[in-house]
Amino acid sequence: MSQIPMTVEGAQALRDELHELKSVKRPAIIEAIAEAREHGDLKENAEYHAAREAQGFCEGRIQDIEAKLSNAQIIDVTKLPNTGKVIFGTTVTILNLETDEEVTYRIVGDDEADIKNNRISVNSPIARGLIGKELDDVVNINTPSGMVEFEITNVEYR
């Protein structure tokens with residue numbers, strides 16, 4: 001399996017979720033299954049079936065997180081010198097040259113992407129267009145609304 005790029009914060013968030021699933025949710029589900037079994041006939045026991053379904057989702061998520069963490073390539077840009085080059089993990093401010101609208105994005109892994117918090121996936125069209133470029137470069141990025149010209153106005157390694 002190939003390596004999955006991830007920021008330090010993204011890896012920690014997955015570790016926290018894994019801990020929550022294993023130490024809180026899993027025991028609660030096991031307890032709910034045991035309690036539902038005590039109610040008798042399992043064929044018509046909705047509580048039992050709901051608990052078993054929850055257990056399946058929980059175990060699936062645990063396996064998913066463990067697989068991602070085992071294949072994670074954790075990149076800490078704060079330990080790299082700021083060369084002005086856009087790389088994974090950097091925070092980039094770009095100016096739309098058509099509308100003069102300025103927006104700041106942090107380029108993160110797929111699991112960490114959250115457009116509401118201006119965190120875009122490294123595999124998104126905008127991030128792919130920015131990776132490898134440098135401060136003050138003008139880039140043309142193919143967006144859903146067509147080709148847009150941006151200028152990179154700031155690159156932070158934080």
Side-chain angles (χ1 to χ4, degrees), residues 1-83 85-94 96 101-133 141-145 148 150 152 154-158:
M1 202 172 194
S2 63
Q3 296 241 304
I4 301 168
M6 199 175 290
T7 63
V8 174
E9 297 86 9
Q12 188 58 48
L14 283 180
R15 282 190 207 99
D16 292 345
E17 183 182 352
L18 184 63
H19 178 73
E20 170 82 11
L21 288 170
K22 284 184 168 181
S23 63
V24 178
K25 297 239 174 162
R26 185 188 266 169
I29 291 169
I30 290 169
E31 189 176 303
I33 290 172
E35 187 178 308
R37 276 193 176 138
E38 291 175 7
H39 294 158
D41 187 13
L42 298 181
K43 286 183 202 165
E44 296 178 16
N45 189 331
E47 291 170 358
Y48 174 77
H49 292 291
R52 291 289 295 179
E53 188 174 324
Q55 183 182 38
F57 285 126
C58 181
E59 295 303 322
R61 183 65 181 149
I62 287 171
Q63 288 178 355
D64 185 42
I65 292 171
E66 286 176 340
K68 286 176 182 167
L69 287 174
S70 69
N71 293 310
Q73 177 184 7
I74 299 171
I75 299 168
D76 186 359
V77 292
T78 62
K79 295 196 177 359
L80 301 173
N82 187 341
T83 61
K85 189 172 188 173
V86 179
I87 59 172
F88 178 87
T90 56
T91 302
V92 184
T93 303
I94 55 176
N96 183 326
E101 182 183 338
E102 196 169 62
V103 65
T104 301
Y105 292 118
R106 175 135 189 238
I107 300 173
V108 297
D110 290 334
D111 289 321
E112 306 168 71
D114 180 6
I115 194 65
K116 290 179 184 164
N117 291 315
N118 290 352
R119 297 165 66 90
I120 59 172
S121 166
V122 67
N123 294 315
S124 70
I126 292 175
R128 284 197 311 253
L130 293 172
I131 295 282
K133 305 296 188 278
I141 299 174
N142 195 7
T143 66
S145 59
V148 180
F150 294 101
I152 300 171
N154 192 21
V155 179
E156 296 178 73
Y157 285 50
R158 56 180 166 121

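FYI, the numbering just counts along the sequence from 1.
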State the CG-CG distance between Asp64 and Asp111, to the nearest 0.5 angstrom.
7.0 Å
Do you know the tightest heavy-atom contact between Arg26 and Ile62?
NH2-CD1, 3.5 Å
Quick one, Met6 and Leu14 - any side-chain contact, counting heavy atoms below 4.5 Å?
yes
Minimum heavy-atom distance between Ile65 and Glu17, given as atom pair plus value
CD1-CD, 3.5 Å
Are Val148 and Ile141 close enough that some pair of their side-chain heavy atoms sits under 4.5 Å apart?
no
Sequence neighbours left out, what passes side-chain hydrogen bond (donor to acceptor under 3.5 Å, both in side chains) with Asn82? Give chain and number order.
none
Which residues pass the side-chain contact (heavy atoms from CB on, under 4.5 Å) test with Gln55, not counting sequence neighbours?
Ile29, Ile33, Arg52, Glu59
Would you mind writing out the side-chain donor-acceptor pairs for residues 120-132 within the sub-3.5 Å range, not counting sequence neighbours?
from, atom 1, to, atom 2, distance (Å)
Ser121, OG, Asp110, OD1, 2.4
Ser121, OG, Asn123, N, 3.0
Asn123, ND2, Asp110, OD1, 3.0
Asn123, ND2, Asp110, OD2, 3.0
Ser124, OG, Ser121, O, 2.8
Ser124, OG, Ala127, N, 3.3
Arg128, NH1, Asn123, O, 2.5

Heavy atoms from other residues, nucleotides or ligands near CD of Glu66 exceed 12 (cutoff 6.0 Å):
yes
What is the minimum heavy-atom distance between Val77 and Arg158, and which atoms define it?
CG2-O, 3.8 Å
Does CD in Glu35 sit with more than 12 non-hydrogen atoms of other residues, nucleotides or ligands closer than 6.0 Å?
no
Partner residues of Lys116 under the side-chain hydrogen bond (donor to acceptor under 3.5 Å, both in side chains) criterion, sequence neighbours left out
none
Heavy-atom nearest pair, Thr7 first then Gly10, reads OG1-N, 3.1 Å
In chain order, what residues pass the side-chain hydrogen bond (donor to acceptor under 3.5 Å, both in side chains) check against Asn118, with sequence neighbours excluded?
none
From OG (Ser70) to CD (Gln3), nearest 0.5 Å:
9.5 Å
If you take all heavy atoms of Phe88 and Ile75, which pair is closest and at what distance?
CD2-CD1, 3.5 Å
Among Ile107, Thr91, Ile94, which residue satisfies the side chain to side chain contact (heavy atoms under 4.5 Å, CB included) criterion with Val86?
Ile107
Check Arg61 with Glu20, please: is the shortest side-chain N to carboxylate O separation under 4.0 Å?
no
Side chain to side chain contact (heavy atoms under 4.5 Å, CB included) for Tyr157 and Thr83? Distances and angles first, verdict last.
CA-CA 9 Å; Tyr157 285 50; Thr83 61; 3.3 Å; yes
By side-chain hydrogen bond (donor to acceptor under 3.5 Å, both in side chains), Asp76 pairs with (sequence neighbours left out) Thr78, Lys79
For His19, is the NE2 atom crowded, meaning more than 12 foreign heavy atoms sit under 6.0 Å from it?
no
Return the minimal non-hydrogen interatomic distance between Ala11 and Ile74, and the atom names on each side.
CB-CD1, 3.6 Å
Carboxylate-amine/guanidinium contact Glu9 Arg106, below 4.0 Å
yes
